[in-house]
Amino acid sequence: MSERQPQYPADALFVNRWSPRSLTGEAIDDQTLLTLFEAARWAPSAFNVQPWRFSYSKNDSESFSTYLDFLVEFNQSWAKNASALIVVLAKKITMTSQAEVEFPSYAFDTGAAWASLAFQAEKLGWVTHGMTGINKEKIAATLKVPETYSVEAMIAVGKQGDKAALPEGLQAKEAPSDRRPVEETIFEGIGFKE
Ligand SMILES: Cc1cc2nc3c(=O)[nH]c(=O)nc-3n(C[C@H](O)[C@H](O)[C@H](O)COP(=O)(O)O)c2cc1C
């Protein structure tokens, strides 16, 4: 598809964000990266628990190749040109005075934080690409993630590059995707349709 057409007048920020794979590999400055994390920081969460955590590596850092190694081969093929790679973690469990309790919405809340980060990037002229094509066990072992946290996903952050710079197979996929109609997602009142 060429340009996304909203059915209803949602802000262009939401409609125009998409996940390119052609990235320029340029360096990202700390101020920008911290601004993305700042946006995530203000996401809502149940009981304001803020279960999200982010580990990251910038592409000029020694740890970048280790982070790249967390990805499946397909994702490595294009994410090697990311400016930064981020691991998204979520705190699953907390200790109350009585027992260990699982937060009911750690994944839901962490999803909200990642979305905030993605939209902030879009606003600043950067792009993000979420990935679950990752090796969660390797990430947990390498970063020494405690068992009370879950590895949720990774994010590639970068500046969008030319489609022509991608290998041929990926060029065909390099376009904003469409969505099913809003009416197939929402149900008014009592009832549910598959
Ligand atoms: C949690 C999550 C995991 C994803 N995993 C991958 C991945 O491993 N590799 C990949 O190329 N794209 C991945 N994507 C990108 C999705 O395919 C993409 O967001 C979706 O097709 C919608 O397209 P858009 O983001 O361009 O609007 C992932 C996206 C999300 C949110």
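The first residue in the sequence is number 1, and the count goes up from there. These numbers come from the heavy atoms of this one structure, side chains and all, not from hydrogens, waters or symmetry mates.
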Side-chain polar contacts of residues 56-68 - donor-acceptor pairs under 3.5 angstrom, sequence neighbours left out - could you list them?
from	atom 1	to	atom 2	distance (Å)
Ser57	OG	Ser61	OG	3.3
Ser57	OG	Ser63	OG	2.8
Ser57	OG	Phe64	N	3.1
Lys58	NZ	Asp30	OD1	2.5
Lys58	NZ	Asp30	OD2	3.4
Asn59	ND2	Gly25	O	2.8
Asn59	ND2	Ala82	O	3.2
Ser61	OG	Ser63	N	3.1
Ser61	OG	Ser63	OG	2.8
Tyr67	OH	Tyr56	N	3.4

Would you mind writing out the side-chain donor-acceptor pairs for residues 127-136 within the sub-3.5 Å range, not counting sequence neighbours?
from	atom 1	to	atom 2	distance (Å)
His129	ND1	Ser19	O	3.0
His129	ND1	Pro20	O	2.8
Asn135	OD1	Glu137	N	3.2
Asn135	OD1	Lys138	N	3.0
Lys136	NZ	Val151	O	3.2

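In this structure Lys91 satisfies the side-chain contact (heavy atoms from CB on, under 4.5 Å) test together with Pro51, Arg53, Thr94, Phe103, Tyr149, sequence neighbours excluded.
The side-chain heavy atoms of Lys92 and Ser150, taken from C-beta on, include a pair separated by under 4.5 Å. Ile86 has its side chain within reach of Leu117: a pair of non-hydrogen atoms, C-beta onward, lies under 4.5 Å apart. A 4.5 Å side-chain heavy-atom check between Val87 and Leu143 finds at least one atom pair inside the cut-off. A 4.5 Å side-chain heavy-atom check between Thr185 and Arg180 finds at least one atom pair inside the cut-off. The shortest side-chain heavy-atom distance between Glu174 and Trp78 does not fall under the 4.5 Å cut-off. The side-chain heavy atoms of Lys123 and Phe119, taken from C-beta on, include no pair separated by under 4.5 Å. No side-chain heavy atom of Ser55 sits less than 4.5 Å from a side-chain heavy atom of Ile139. At least one side-chain heavy atom of Gln160 sits less than 4.5 Å from a side-chain heavy atom of Trp18.
Glu168 CD: 12 or fewer foreign heavy atoms inside a 6.0 Å radius. Applying the 6.0 Å contact sphere to CD of Glu147 captures no more than 12 heavy atoms from other residues, nucleotides or ligands. Residue Glu73 qualifies as open at atom CD: its count of foreign heavy atoms under 6.0 Å is 12 or below. A 6.0 Å sphere centred on CD of Glu184 holds more than 12 heavy atoms belonging to other residues, nucleotides or ligands.
Using a distance-only test at 3.5 Å, with no hydrogens or angles considered, a donor-acceptor pair links the side chain of Asp11 to the main chain of Leu13. In this structure, Gln120 contributes its side chain and Ala39 its backbone to no donor-acceptor pair below 3.5 Å. Judged by distance alone, the side chain of Thr35 and the main-chain N or O of Gln31 form a donor-acceptor pair under 3.5 Å. Under a 3.5 Å cut-off, the side chain of Ser45 and the backbone N or O of Gln50 do form a donor-acceptor pair.
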Chi angles and distances behind the side-chain contact (heavy atoms from CB on, under 4.5 Å) call for Phe74, Arg21: CA-CA 11 Å; Phe74 168 74; Arg21 293 193 181 88; 3.8 Å; yes
Criterion side-chain contact (heavy atoms from CB on, under 4.5 Å) on Trp52 and Leu89, from CA distance to verdict: CA-CA 6 Å; Trp52 49 82; Leu89 305 148; over 6 Å; no
Ser177 vs Arg4, test: side-chain contact (heavy atoms from CB on, under 4.5 Å). Steps then yes/no. CA-CA 8 Å; Ser177 52; Arg4 287 175 164 174; 3.4 Å; yes
Any chance you could lay out the side chain to side chain donor-acceptor pair (under 3.5 Å) test for Trp126 and Glu122, step after step, and finish with the verdict? CA-CA 5 Å; Trp126 291 79; Glu122 166 78 14; over 6 Å; no
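Nearest approach of Ser83 to Gly158, heavy atoms of both residues: OG-CA, 3.5 Å. When all heavy atoms of Glu152 and Ala90 are compared, the pair lying nearest together is CG-CB, 3.8 Å. Closest heavy-atom contact between Met154 and Leu71: SD-CD2, 3.7 Å. Contact between Ser77 and Leu170 at its shortest, heavy atoms only, is OG-CD1, 4.1 Å. Taking each heavy atom of Ala46 and Asp109 in turn, the nearest pair found is N-OD2, 3.0 Å. Closest non-hydrogen pair, Pro181 versus Gln7, comes out as CA-OE1, 3.4 Å.
With hydrophobic clusters built from ILVMFWY side chains whose heavy atoms lie under 4.5 angstrom apart, Val157 does not share a cluster with Leu85. No chain of hydrophobic side-chain contacts below 4.5 Å, direct or via other Ile, Leu, Val, Met, Phe, Trp or Tyr residues, connects Phe108 to Trp114. Ile186 and Phe192 are not part of a single hydrophobic cluster, where members link through side-chain heavy atoms under 4.5 Å apart. A continuous path of hydrophobic side-chain contacts links Ile155 to Leu124 [ILVMFWY only; heavy atoms under 4.5 Å]. Hydrophobic clustering (ILVMFWY, side-chain heavy atoms < 4.5 Å, transitive): Val145 and Val88 are in distinct clusters.
For the atom pair OG1 (Thr32) and CZ (Phe37), the distance works out to 11.5 Å, reported to the nearest 0.5 Å.
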